[in-house]
Each structure stands twice: as C-alpha cells, then as structure tokens.
Amino acid sequence: MRLSRKAKGEYQVEVSKDYDPLKIEPRWQKRWEELGVYRFDREDKKKPTYVIDTPPPYPSGEFHMGTALNWTYFDIVARYKRMRGFNVLFPQGWDCHGLPTEVQVEKRYGIRKGDLPPEKFRKRCIKLTEENIAHMREEMDSLGFSIDWSTEYRTMDPDYYRRTQLSFVQLYKRGLIYRGEHPVNWCPRCETAIADAEVEYEDREATISYIKFKLHGEDGYLTIATTRPEYLPACVVVAVYPGDKRYKKHVGKKLEVPPLGQVVGLIEDHEVDPEFGTGVVMVCTFGDKTDVRWVKRHKLPVVKLIDEKGNMSEAAGKYAGLTLEECKRAIVGDLRKAGLLAKQEKLAQSVGACWRCETPVEILTKPQWFMRVLDLKDKVIEGAKRVRWVPDHMRQRLIDWAESMDWDWVISRQRIFATPIPAWYCTGCREPVVAEERQLPVTPAKDKPPVERCPKCGNESFEPERDVLDTWMDSSITIAVHAGWPELDRRLFPADLQPNGTDIIRTWDYYLLVRHLALLGEVPYRTVLVNGMVFGEDGRKMSKSLGNYVDTTMARGKYGTDALRQWAAIGASTGSDIPFNWKDVDFGHRFMRKFWNAARFAGPHLNAKIAGLGPKKLKFRPVDRWILSRLNRLIEQTTGWLEDFQFNRALGAIQTFVWHELCDMYIEEVKHRLYGDDPTADAARYALYHVMLTAAKLLAPFTPHFSEEIYQTHFARDHPYPSVHVSSWPEVNKKFIDESAERAGELTNLIVGALRQFKSERKMALSRELPSVEIYASSGEVAKRLKEVGDDIAGTMRVGKLKIKVGKPKLAERVLAIEPELAKLGPRLRADAKLIVQALREAKPEDLAKRLAKGKIKLRAGGKRFELTPEDVRVIKETASAGRKVGVIDIQEPALTILIVSS
RNA sequence: GGGCCCGUGGUCUAGUGGUUAUGACGUCGCCUUGACAUGGCGAAGUUCCGGGGUUCGAAUCCCCGCGGGCCCA
C-alpha cells in the first residue's frame, strides 16, 4: 500500500492487484502484539468483562488441525466480543504434567523412569516441555489467535502448582479427598494408576476358553467360559444367574479351580449373563470391573495376583514371575494336558487400554488417594443442566458420563513429572500428614512436614509421599486460577465461555465442573461451546498412519491463516465433525481476492466527507437504498448468529452478501454513475463507503488480517482506532431497513439478470449496447416501480432507450425457415436426404409451417414422395412487434415482458 | 449392549413445519464489462436413505427398517 496526496485533498491509493496474505499476515501479527490489542485490562473497571477459559493444550510439540479448529472458534468469539466493547480475557495455558512427556523423555534418552533420580528426570521433562511450548506458541501466533500472552501460565510452574496443592489441602480438610485402598485401573507399562477417563477401549479378537472345574467331593464337572485363564489362580468364587435351571442343584456346593486346585463356592448373582459362554462365570480379583462389584457385594477375599509391572506374583504359585501372556500360555497348556480344556473359540471383544501407550490395563488394589466424586454426582448433573450448551444436545453427554461413574476418582499417580502430593506418612503408624496452606508449594521429598510429631501416635519420624497428582488435578482449576483464586475476582468468575471439543466433554468439562463445585460450590462456566472433530479429506479420522494428515503449517502455508480460518468457520455447523477441505481453503482465498479487488475499485471513491454527509443531502437511487437496507439486515443477522455461535451461518451470509449482492450486482449497477458527471454519484460513494467498511468489520473476527489490511488501506485515515480489532462492531441502523427499497433492488436485479442471460444466449459481449428495450408491465403499479429503477437498468446494461409500458406487447411470429433434422432423416432416407433438404429450401416456410401445425407434411421431391413429421424438422421463427424484429423475455413474477428491439 | 448425532444434485454441505431446497467444488456454454481471466455471465444436474404415520401442508415432527459416525460400557 502506498498513499500519495492528490489535489483537492483527496487520497489516491495505490493498491496492489492481488492480496498477498503470506506477506501481510505476519506483519499485522507483529503490529497487534506491539499495540497490545489483545490485552485484558485489569485496571479497567468500567467495561464489562468476558472470560474465555481455554483448555490448556498438552505441550506435545505439535499443533493439530483439531486444535486449530478449536482455537479458531475461541478466537472468533474473542475478537467479536472485543469489538462489542467487552474487556476480554483470552488466556493461554499449558497442561504440562503427565505421562506423554515422560514417555517422550524416556524415548529420547533411552531410559525408564526409575533409571534417574526423580529431580533429574523432572528437569529433562521441563526442558522438553519448554521446547515444545516454544514451537506451539509460534504456530499459534501464525494462526492469528488473539491470545493475551501476558496471561500465559504453565501448570508445572511453582506458582501454578501451589494452587493445585492448595486445592488438594482444602478438599482433604473437607473430607472430599481421602486415602484408601480400592481397585484402580493400572497400566503395567507406565506402572501407574490411571483414571477411568484415561482408559480407552479397543476392539480386539480374543480367545474364549471353556474350562472344566471339578465338583469338590463328588463326581462331575461344571464348565466355565473365560477369556482370561491366566486369572484362574485368583478365582475366589464361581457364579451363575439366579434360578438358572442348569445349575440350580449345584448352588452352594464347592468346586476345585484348576490348575492350582483351590476350592471355591458356587453362588448366584443377577449380573451373570446366562447367555454368555456356559452361563457359569469365574470371579477373579480382578479380571474386570464386574469382578470388583462381585467382590464387594459378596464380601469375597482379594488375591493379589499381578504385580505393578504386570507380572505374576507369588499368589500364582508355580507360575510366579511369568508375564501375563506367558502365564496364559502355560496355564492353557497345563489344562489341555490335564484334559480340563473343553474347547476354545474366537470372540470379538473390546479391551480397556492405557490412553497413552495402548497397553491393556489391569485392575490392581494399592493404597491410593481418591477424590469423592460419587457424592457430587447429583450436583454435577444439576449444574450441567443449568449451563448453556452449544449445541444443546452435548449436555446429555456430560450427564450420561456423570451418571455412569461407579468409582471415585483416583488422583494419585506413581510417576514423576507431576504436581507432588503435599503429604508425608508417619513411619510408625502410617498416618498421613497433609501440608499446611502456608507452606505451599511443597516437595515432600525435600521439605519438612508441618508437625514435629505424629498427631496420632506421637512418633517423630516421617517419610515423604512419593506419589504425584493426576494431571487433571492441575488443569481442572483453571477457571478459579484465572480469577485469582484463592482471592476470587468476581468479575472473572464464573467464566463466560468454556469451549472445547466433543472428545473431552467427559474429562475437561466434567473435571472442571466437579472440582469447582467441590472447591467453591459453584458451576464455573456459563456456556459450553463444543466443536466437532477434524477428519481428513477422505472423511476418516485424521491420522498420520492413514496418510490423510495435514498439519496446520501446511494448511496455512498455501494462502495464509485467514483462508484456513474460513474453512474452520464454514466447514460445518457448530458441534458437527468437519472434514479438512482444501477447496474451502481455496474458496476462502478467492473470496478475499474478490473483496480486495472490489475495494481496489471502490478506493478512489471512498471519501470520508461524503460518507459523513447526512442521508438527506444525498440523491439516493433505489439501488443505493437497496444495498444499504441489505447491509443493515446483514449486520442484524451476523450479530445474531455470532451471539448463537453459528459461525458457518454468519460467515456464509457475509460471503454471499459481499460476492453476490455487493460485487455482482451493486458495483456493476453504479459504475455508470461513478464514471460520468451523474448528480447521484455521491450517493453511490456514500453507500460504497459504508458497505465496504461495515463488511470489513463484520469479517474481522473471521479474517482478522485481511480486514485489518482493508481497514488500514482505505479507512484508517478517517478513524481514531489504531486497528479494526479495537474499533466498534457495526450497529444496525433501522432507518435504512426498507422493504420497498429491497423490492426495488430485487426488481432491478431481476431485469439486469434477464438481460445478461439474453446477451449470454446470443453470445453477445456484456458491454454490447442494446439500442432499444421496452418493458411491458402487467399493472400500473409495477410500471411505476419500473420507472423508478429504469435509469439503473439502462445504465447497467447499456440500454440506449428504455421504455416502460403497461399491458402486453402485440407480438407476431414469422417463420423464417424450416430446416431438416438431419440426425433423424439421414439414417432413415440415406441418399434421399439431399432431396428433402433441397425441397425444404425451395418451399415457402409459412406454408410448410401451417401444414406442419396440422400434423404431417407430404412432399414430392426428385419424383419421390416423402412424409415428414414435426420431429423431423426444426422451425426457425422470429418474433416481431409493430414490424420490428424483437427478442422476447417473459418473466412470471411479477408478470413482465421485455422486448429487446434489434431493428 | 447403552446414549447422542447424521444420511440432501457427481463430491462436500446449509437448511427443524409453507423457500422456485442453500452454497461451494466439479461439468457444460458464452464473454476481455473502464476492480478482479487467479475473473465475469449463464446453463444442466438433487425431490431431500427406504417404508409407514401426523398435518391443509414435511427434507424438517413421530414410528419402523437400512446405512454411517462419535462417545461410553
């Protein structure tokens, strides 16, 4: 862009022919950061606040397209709300702790977690995390997200995990966190407990074995079916469905469990599926979650069969030390030898696996820390009902999840890179001692407990808790942390918006809700905005192994981030899954180019003085009133849709307006006025100024860089705002909404369109002049409206003389020629076809047409007789009115006839 | 096995009771209109997965079936 002063105080703007996003976008990103347009102003107590609690991403180092979709939604909202006058808090955090980073560190250095002292291992994790964050930050800036980096937080920083520990201490004091020994999901590879939310189910093919259990003290066997024979040594009871006729007589008897031969009872339980296998099931500690319920319900003993690495314990007898898989093979082999393996079948089964390493989870009991979430179930569900969900049906997902909870949340992990649990144990009586609030943050391995003696037994020696907290304990208090908790700034709590993907409703939305309810007794967010998952172009889930993976750097590399953001906004309705689509990205770019060129055309006419004139001082033509009315409706619609988070509809409406109403119609319809000395030219300039500025503003949340470039190139010199993003959102001016103007505009467009089609059909250049056109209206009222827009039509379509009349034109049809359809006649008549052609040429066309109208024509040619049907020929006619050759266009609604007089 | 969502021209997609059913991509024809040929104008193409029902009226509501997706067990 270059500005140079022209005479008379007007600007001549030299604008490049094409819009180059790859050059322009980084420039604005840098400028916005300098201007601080994204800063949340903590000192400002006047403006209303708008708080977006963004889910802190895991710093894996890669920015996924799904995350880009996520953040685009947040960013559209943030930018829109800023323009609406809100003091917007759009923070950015990093959910640093957890297994994936440990796994990455283990891989990078070729070690396991126990190979290094914890502090050293932790340092390597921090280093890797910092590298990853740096990459991702850069990418987020390139994607144009209006994040306020002054609010950046990292859950691994002492100032953050101090609060995580504080929340632990407070909930412990209130009895909502407790230490207990319950079965938990256990990943043998990662050697840690994991929560239900971290277990993912995969379909696998399993083998089901039918195994004979001898009746104790009598002859005969019962056959049980199991997919996990390695658990036989931990079988504590056998169960059947109550009243199952096959087994009724055996209930209460004893059975011998192979291969170790322990003797167990046979009981009835309603959870046994009589259809599965033989209807007899062995209960082991613990093969799956049902076993856990059975053990509890029937007060059964627990055999600790598996150790923390997933190997068989001493309880497995001669199988001790084997891995699960080895044990399975050994036991099946032994059973087969002993004749106790009745048969084996294949079975499709879904297996719970660790979300991070895909190792199948086992169920172990070990002392762990738990949060009492089951007690909060009703409050969570009630809270979820009060929140606004976009789309609405997502609420049900959270309710279903909360209702399905059957274990308390295990919050301790046997890992290293995480928030330390602020607790110690008395070496005498094992009583846990939890840190005092004033001590925090603490690292128990280095710091001292808050008491000198055990409050229970008086012992003076303690050992630190070495377990750490589930990473969800860190991230589930972000909303309180943004609001300054423990001193809560009520302007920032609850958050206005809680946006995230469908996949983390059960984790992120749930944990936020349950933790803030426990801690503060309040629902922490007002609205949850849910986005769908991003699929590859082939409609399948995007993944590197499927080869349909596109990363964000690639996706924005072609046309910049504004084009990509348009795909994100318009690719699907809010909450629906969305396939990545290069065509949408291309279209986004073409749209900006279109707008860019329209602005380039309008540039010399964009004059603030004219734009500032009162409408009364201008001579508006109907098309001006039409576009201004349409513009104000667009503001109304776009605003409503943004309030409802319907991004696809908002952007779609703007695109359609700009491309089809502004560019295709309006600009074409005012060119003739702008080029001459038309006294109404300033009215068109007024409309162009307001329409283009407003459209650029409406687009600002979607295409921030493009809108800024348009604003800076054409409008900034007249306005006090240093950036379009701190300008005000367009207001609807109801005075401009005018139905009769819209009807007049539509009538103009209708006739312009019809004349364009007429020219197109006759292969005429659009610029070709039409010397004389007559429009016949069916009523005086339509004729009156036509007269109002006559000059616009004539000017746009280059009509020399335009006459408007009431009534119907007198039309006469003249047959010019009857031509043979040789495609039909040729195959039928062969060589004789030539004779027909000759005969048709010689006959009088009018006569032939009359005879044809009655049916068939009989012809004599070259001494032969022929008969022709209407299908065999084409009648070439021309229409005439008052002796002049005319083209005719009939329009149904409103009833019009247009005559294009050509001679 | 449960919950939720979806099934619209060749492809993707908007649209939750009344529209000539939206738009994009693709296809075809035409046009250098003084912003844009990386453009413009125009055309063809679907009757809304199948069946039944409610209604004056259904792509839109209800039921059944078929197909797909997501989440969970």
Side-chain angles (χ1 to χ4, degrees), chain A residues 15-20 196-197 199-201 273 275-276 288-290 349-352 389 391-406 501-507 530 532-533 535 537-541 559 566-567 570-605 646 648-649 651-653 655-656 659-660 662-665 667-669 671-672 674-676 688 692 752-769 796-798 892-893:
Chain A
V15 182
S16 66
K17 199 172 164 187
D18 206 354
Y19 176 68
D20 185 355
D196 279 346
V199 177
E200 286 185 346
Y201 288 82
D273 179 1
E275 308 284 318
F276 183 83
D288 63 23
K289 273 188 143 188
T290 335
Q349 196 192 30
S350 73
V351 175
W389 293 78
D392 193 64
H393 65 260
M394 294 298 177
R395 175 185 294 106
Q396 198 57 38
R397 296 228 180 149
L398 190 119
I399 292 174
D400 288 347
W401 172 250
E403 277 178 345
S404 75
M405 300 301 277
D406 50 6
T502 51
D503 55 335
I504 56 171
I505 291 172
R506 76 199 161 103
T507 46
V530 179
M533 298 291 101
F535 293 142
E537 284 208 284
D538 57 2
R540 294 187 296 171
K541 242 186 179 173
Y559 294 126
Q566 288 180 80
W567 156 77
I570 214 164
S573 56
T574 306
S576 304
D577 295 333
I578 161 173
F580 177 71
N581 196 341
W582 278 113
K583 282 173 190 164
D584 284 349
V585 177
D586 292 348
F587 182 78
H589 181 247
R590 289 207 294 127
F591 171 69
M592 290 187 286
R593 189 168 51 209
K594 186 73 182 171
F595 193 160
W596 182 252
N597 279 300
R600 199 158 69 94
F601 164 78
H605 304 287
Q646 302 296 305
N648 61 326
R649 302 179 87 170
L651 179 57
Q655 286 179 345
T656 303
W659 202 313
H660 301 294
L662 174 62
C663 294
D664 290 350
M665 303 310 295
I667 288 180
E668 294 301 328
E669 287 167 351
K671 273 181 181 169
H672 66 278
L674 295 174
Y675 289 124
L688 277 176
M692 305 227 61
V752 166
L755 289 171
R756 278 175 177 165
Q757 190 175 342
F758 179 86
K759 286 183 175 177
S760 174
E761 279 167 0
R762 279 160 187 73
K763 307 181 201 277
M764 292 163 68
L766 279 174
S767 58
R768 172 98 160 264
E769 184 169 303
T796 307
M797 292 313 293
R798 313 213 171 188
Q892 303 294 318
E893 185 53 49

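Side chains are part of it too, since the values below use all heavy atoms of this structure and drop only hydrogens, waters and symmetry mates. Letters A, B, ... mirror the listed sequences (proteins, then strands); counts begin at 1. From a predicted model like this one, the values you see are computed outputs, not experimental measurements.
The two residues A:R798 and A:E769 come nearest to each other via the heavy atoms O-CG, 3.3 Å. The minimum heavy-atom distance between A:M692 and A:A602, with the atom names listed, is SD-CB, 3.6 Å.
Taking atom C1' on both B:rG50 and B:rG68, the two are 15 Å apart, rounded to the nearest angstrom. When the P atom is used for both B:rA73 and B:rU22, the distance is 44 Å, rounded to whole Å. One C1' atom belongs to B:rU27, the other to B:rG45, and the distance between them is 9 Å to the nearest Å. A gap of 14 Å separates the C1' atoms of B:rU54 and B:rU60, to the nearest Å. For the P atoms, the distance from B:rC56 to B:rG3 is 33 Å, rounded to whole Å. For B:rU33 and B:rC28, the P atoms lie 23 Å apart once the distance is rounded to whole Å. The same atom, P, is picked in B:rG7 and in B:rA59; the two are 14 Å apart, to the nearest Å. B:rG9 sits 11 Å from B:rA44 when the C1' atoms are compared, rounded to a whole Å.
Along RNA chain B, the nucleotide nearest to A:S404 and the one nearest to A:D18 differ in position, and the one closer to the 5' end is contacted by A:D18. Remark on RNA chain B: of its neighbouring residues A:Q396 and A:Q646, the 5'-side contact belongs to A:Q396, judged by nearest-heavy-atom nucleotide.
Listed nucleotides: B:rA24, B:rG40, B:rA14. Nearest to the side chain of A:S573: B:rA14. Here the side chain of A:D400 is nearest to one of B:rG3, B:rG40, B:rC5, namely B:rG3.
Applying the side chain to side chain contact (heavy atoms under 4.5 Å, CB included) test to A:S573 and every residue at least two apart in sequence or in another chain returns A:S576, A:N648. For A:H672, there are no ring pair (Phe, Tyr, Trp, His ring centres under 6.0 Å) partners two or more places apart in sequence or in a different chain. A search for side chain to side chain contact (heavy atoms under 4.5 Å, CB included) contacts involving A:H393 returns A:P391, not counting sequence neighbours. Every residue meeting the ring pair (Phe, Tyr, Trp, His ring centres under 6.0 Å) condition with A:F587, not counting sequence neighbours, appears here in chain and number order: A:W659. Considering only residues two or more places apart in sequence or on other chains, A:Y559 meets the ring pair (Phe, Tyr, Trp, His ring centres under 6.0 Å) condition with A:H589. Checked against salt bridge (Lys or Arg N to Asp or Glu O under 4.0 Å), A:K671 has the following partners two or more places apart in sequence or in another chain: A:E668. In terms of the salt bridge (Lys or Arg N to Asp or Glu O under 4.0 Å) criterion, residue partners of A:R395 (sequence neighbours excluded) are, by chain and number, A:D392. Listed by chain and number, the residues in a salt bridge (Lys or Arg N to Asp or Glu O under 4.0 Å) with A:D288 amount to none (sequence neighbours excluded).
Base pairing of B:rA37 is not made with any nucleotide, judged by Watson-Crick or G-U wobble geometry with both donor-acceptor distances under 3.5 Å. Across every strand in view, B:rC4 sits in a pair with B:rG69 that passes the Watson-Crick or G-U test at under 3.5 angstrom. Summarising the base pairing, B:rA21 is matched to no nucleotide, lacking a Watson-Crick or G-U wobble pair whose two defining distances lie under 3.5 Å. Base pairing of B:rG57 is not made with any nucleotide, judged by Watson-Crick or G-U wobble geometry with both donor-acceptor distances under 3.5 Å. Using N1 to N3 plus N6-O4 or O6-N4 for Watson-Crick, or N1-O2 and O6-N3 for G-U wobble, each under 3.5 Å, B:rU46 pairs with nothing.
To the nearest angstrom, P of B:rG23 lies 13 Å from CD of A:Q655. Residue A:M394 contributes atom CE, which lies 13 Å from atom C1' of B:rG3 at whole-angstrom precision. Put simply, CE on A:M592 is 14 Å from P on B:rG39, counting in whole angstrom units. B:rU13 atom C1' lies 16 Å from atom CD of A:Q566, rounded to whole Å. Look at CZ on A:F587: it is 17 Å from P on B:rU13, rounded to the nearest Å. At whole-Å resolution of the value, CZ in A:R649 and C1' in B:rA24 are 17 Å apart. One can place CE of A:M797 at 16 Å from P of B:rG40, the figure rounded to the nearest angstrom.
Within the 4.0 angstrom heavy-atom criterion, no nucleotide atom of any strand lies near A:W567. Counting any heavy atom pair closer than 4.0 Å across all strands shown, A:H605 reaches no nucleic acid atom.
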Please list, for nucleotides 69-71 of chain B, all pairs of protein and nucleotide N/O atoms separated by less than 3.5 Å.
unit_1: B:rC71; atom_1: OP1; unit_2: A:K541; atom_2: NZ; d: 3.3
unit_1: B:rC71; atom_1: O3'; unit_2: A:R506; atom_2: NE; d: 3.3

For nucleotides 29-35 of chain B, list the nitrogen or oxygen atoms of the protein found under 3.5 Å from its nitrogen or oxygen atoms, one pair per line.
unit_1: B:rG29; atom_1: N2; unit_2: A:S760; atom_2: OG; d: 3.2
unit_1: B:rU33; atom_1: OP2; unit_2: A:S767; atom_2: OG; d: 2.8
unit_1: B:rU33; atom_1: O2; unit_2: A:E668; atom_2: OE1; d: 3.2
unit_1: B:rG34; atom_1: O2'; unit_2: A:Y675; atom_2: OH; d: 3.1
unit_1: B:rG34; atom_1: N7; unit_2: A:R798; atom_2: NH2; d: 3.4
unit_1: B:rG34; atom_1: O6; unit_2: A:R798; atom_2: NH1; d: 3.1
unit_1: B:rG34; atom_1: O6; unit_2: A:R798; atom_2: NH2; d: 2.4
unit_1: B:rA35; atom_1: OP1; unit_2: A:K671; atom_2: NZ; d: 3.2
unit_1: B:rA35; atom_1: OP1; unit_2: A:Y675; atom_2: OH; d: 3.4
unit_1: B:rA35; atom_1: OP2; unit_2: A:Y675; atom_2: OH; d: 2.3
unit_1: B:rA35; atom_1: O3'; unit_2: A:R600; atom_2: NH2; d: 3.4
unit_1: B:rA35; atom_1: O2'; unit_2: A:N597; atom_2: OD1; d: 3.0
unit_1: B:rA35; atom_1: O2'; unit_2: A:R600; atom_2: NE; d: 3.4
unit_1: B:rA35; atom_1: O2'; unit_2: A:R600; atom_2: NH2; d: 2.7
unit_1: B:rA35; atom_1: N7; unit_2: A:K671; atom_2: NZ; d: 3.3
unit_1: B:rA35; atom_1: N6; unit_2: A:C663; atom_2: O; d: 3.3
unit_1: B:rA35; atom_1: N6; unit_2: A:E668; atom_2: OE2; d: 3.2
unit_1: B:rA35; atom_1: N3; unit_2: A:N597; atom_2: O; d: 3.2
unit_1: B:rA35; atom_1: N3; unit_2: A:A598; atom_2: N; d: 3.1

Collect all protein-nucleotide pairs involving nucleotides 6-12 of chain B in which both atoms are nitrogen or oxygen and the distance is under 3.5 Å.
none

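In this structure a side-chain-to-backbone donor-acceptor pair under 3.5 Å is present from A:S404 to A:W401.
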Per-pair distances, 0.1 Å, donor-acceptor, side chain in residues 592-601 of chain A, under 3.5 Å, sequence neighbours excluded:
unit_1: A:W596; atom_1: NE1; unit_2: A:S16; atom_2: O; d: 2.9
unit_1: A:N597; atom_1: OD1; unit_2: A:R600; atom_2: NE; d: 3.1
unit_1: A:N597; atom_1: OD1; unit_2: A:R600; atom_2: NH2; d: 3.3
unit_1: A:N597; atom_1: ND2; unit_2: A:R593; atom_2: O; d: 3.0

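Under the 4.5 Å side-chain criterion, counting only non-hydrogen atoms from C-beta, A:R397 is not in contact with A:V530.
Taken to the nearest 0.5 Å, the OG1 atom of A:T656 stands 8.5 Å off from the CZ atom of A:F591.
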